[in-house]
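Written below as structure tokens is the structure these notes are about.
Note that the numbering runs from 1 along the sequence shown for the chain.
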Amino acid sequence: GYTEVSRHGFMLIVVYFITNLFFWYAAEKKYNPAYLGYIGGTIDIAVISYHIYGITAFFDPVAATATATIFLIPIIFMIYTFRLDRALLLYLIVISALGFNLIYFVQYTQTPGLLSANISLSPISHIFKSVYISFIGLLCIYMQNSITRFIEKQLAEAAQKNRLDAEIKIEQEKNKYASRLIEKEKALNAKLEKEIKAKDAIAVQLKANKEQIKSIISNLLGFTYRCLPDEEWT
């Protein structure tokens, strides 16, 4: 029984779907300049505002302040909270409040008696709703700041952990290098010790030979002399 209203909402859903296909494609291509977020946010609020305006202007005059579509505005705030862009979220709060109130007061100028007849549709009630929605937006900003601080804390802790891991790895490499130097020094010491032992053995053998020659010479009945092993026996 609400064909025209459904058609109006469906057309806006199609527009919303097509625009978000573009944003999905941009995200796939890693294209994310700052202005793209503002364009997307403007389209989101514009679709919701136009839906409220269309229902109000063509179907139900009290929809400006009573339609369930209004609840989509805080949901948009929640979604954009996770973009972690405070300026963008503040921009959405401002334009949504302007659009929401502008639609109401345009309709109020046309049907003041109808909207004033019920306290929940009155200007004071509408202003309260607007303040309430804006307050939800401010809570989203606070939550956004909390998320940002949490992420920054996690990043700082991760960076600190990486620094500690790097320092530990450096110390481990230093210890490995020192161990290699120690092993190398031990090998050199062992070689040197082996060479010293060999030289000591040679010195002992030379000393023994010297003592033997001295003993032989001291027991000869004659004399000894030394010469070179050349032709002349110099």
Side-chain angles (χ1 to χ4, degrees), residues 1-26 34-147:
Y2 295 94
T3 305
E4 292 299 322
V5 179
S6 300
R7 184 180 292 111
H8 171 75
F10 182 74
M11 289 175 59
L12 292 176
I13 290 174
V14 170
V15 171
Y16 189 77
F17 179 75
I18 292 174
T19 55
N20 276 275
L21 278 179
F22 167 76
F23 293 126
W24 168 80
Y25 180 76
Y35 69 85
L36 200 62
Y38 286 88
I39 293 176
T42 302
I43 292 175
D44 291 340
I45 297 300
V47 168
I48 294 173
S49 299
Y50 185 76
H51 186 250
I52 297 173
Y53 171 76
I55 294 178
T56 302
F58 304 116
F59 304 106
D60 187 0
V62 302
T65 189
T67 179
T69 309
I70 297 170
F71 290 105
L72 292 177
I73 298 176
I75 293 175
I76 291 294
F77 294 163
M78 290 293 296
I79 293 173
Y80 275 82
T81 296
F82 297 100
R83 287 184 65 95
L84 302 181
D85 189 337
R86 187 186 307 173
L88 174 58
L89 185 55
L90 187 60
Y91 168 77
L92 292 180
I93 295 171
V94 172
I95 65 172
S96 62
L98 290 175
F100 182 53
N101 286 286
L102 181 62
I103 294 169
Y104 176 83
F105 285 106
V106 167
Q107 185 61 33
Y108 184 79
T109 58
Q110 298 176 4
T111 57
L114 177 63
L115 295 178
S116 298
N118 192 312
I119 189 171
S120 63
L121 305 176
S122 65
I124 294 177
S125 176
H126 182 83
I127 291 173
F128 175 78
K129 294 173 187 176
S130 179
V131 171
Y132 177 73
I133 291 174
S134 299
F135 178 72
I136 293 177
L138 294 176
L139 286 179
C140 289
I141 291 178
Y142 174 77
M143 184 169 67
Q144 190 181 74
N145 291 336
S146 299
I147 294 173

Just how far is it from atom [atom1] of [X] to atom [atom2] of [Y], taken to the nearest 0.5 Å?
| X | Y | atom1 | atom2 | answer |
| --- | --- | --- | --- | --- |
| Phe22 | Phe17 | CZ | CZ | 15.0 Å |
| Met143 | Leu138 | CE | CG | 12.5 Å |
| Asn20 | Asp44 | CG | CG | 6.0 Å |
| Arg83 | Ile147 | CZ | CD1 | 13.5 Å |
| Ile76 | Ile45 | CD1 | CD1 | 6.0 Å |
| Thr65 | Ile52 | OG1 | CD1 | 9.5 Å |

Exercise for review: Would you mind listing every ring pair (Phe, Tyr, Trp, His ring centres under 6.0 Å) that reaches into residues 112-146, with sequence neighbours excluded?
Suggested key: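 Every ring pair (Phe, Tyr, Trp, His ring centres under 6.0 Å) pair that includes a residue of residues 112-146, provided the two are not neighbours, is Phe100-His126, Tyr104-His126.
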Exercise for review: For residues 47-80, pull every pair meeting ring pair (Phe, Tyr, Trp, His ring centres under 6.0 Å), keeping only residues two or more places apart or in separate chains.
Suggested key: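 Sorted result for residues 47-80: His8-Tyr50, His8-His51.
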Return the minimal non-hydrogen interatomic distance between [X] and [Y], and the atom names on each side.
| X | Y | value |
| --- | --- | --- |
| Gly99 | Ser49 | CA-OG, 4.5 Å |
| Ile136 | Pro74 | CG2-CB, 3.9 Å |
| Phe23 | Gly40 | CZ-CA, 3.3 Å |
| Thr56 | Pro61 | CG2-O, 3.4 Å |

Review point. Residues in side-chain hydrogen bond (donor to acceptor under 3.5 Å, both in side chains) with Gln144, at least two apart?
Key: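 Scan of Gln144 (side-chain hydrogen bond (donor to acceptor under 3.5 Å, both in side chains), adjacent residues dropped) gives none.
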Review point. With a cut-off of 6.0 Å (strictly less than), are more than 12 heavy atoms of other residues, nucleotides or ligands near CD1 of Ile124?
Key: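 Counting other residues, nucleotides and ligands, CD1 of Ile124 stays at 12 neighbours or fewer.
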Determine whether a donor-acceptor pair (N or O, by modelled atom type, separation under 3.5 Å) exists between the side chain of [X] and the backbone of [Y].
| X | Y | answer |
| --- | --- | --- |
| Lys129 | Ile70 | no |
| Ser96 | Ile93 | yes |
| Thr19 | Tyr16 | yes |
| Asp85 | Leu88 | yes |

Practice item. Show the numbers, then the answer: is there a side-chain contact (heavy atoms from CB on, under 4.5 Å) between Leu115 and Ser122? Key: CA-CA 5 Å; Leu115 295 178; Ser122 65; over 6 Å; no
Is there side-chain contact between [X] and [Y], with at least one heavy-atom pair below 4.5 Å?
| X | Y | result |
| --- | --- | --- |
| Met78 | Cys140 | yes |
| Thr42 | Ile39 | no |
| Val106 | Ile103 | no |

Review point. Would Leu92 and Tyr38 count as a side-chain contact (heavy atoms from CB on, under 4.5 Å) if you check the C-alpha gap in whole Å, the side-chain angles of each, and the deciding distance to 0.1 Å?
Key: CA-CA 8 Å; Leu92 292 180; Tyr38 286 88; over 6 Å; no
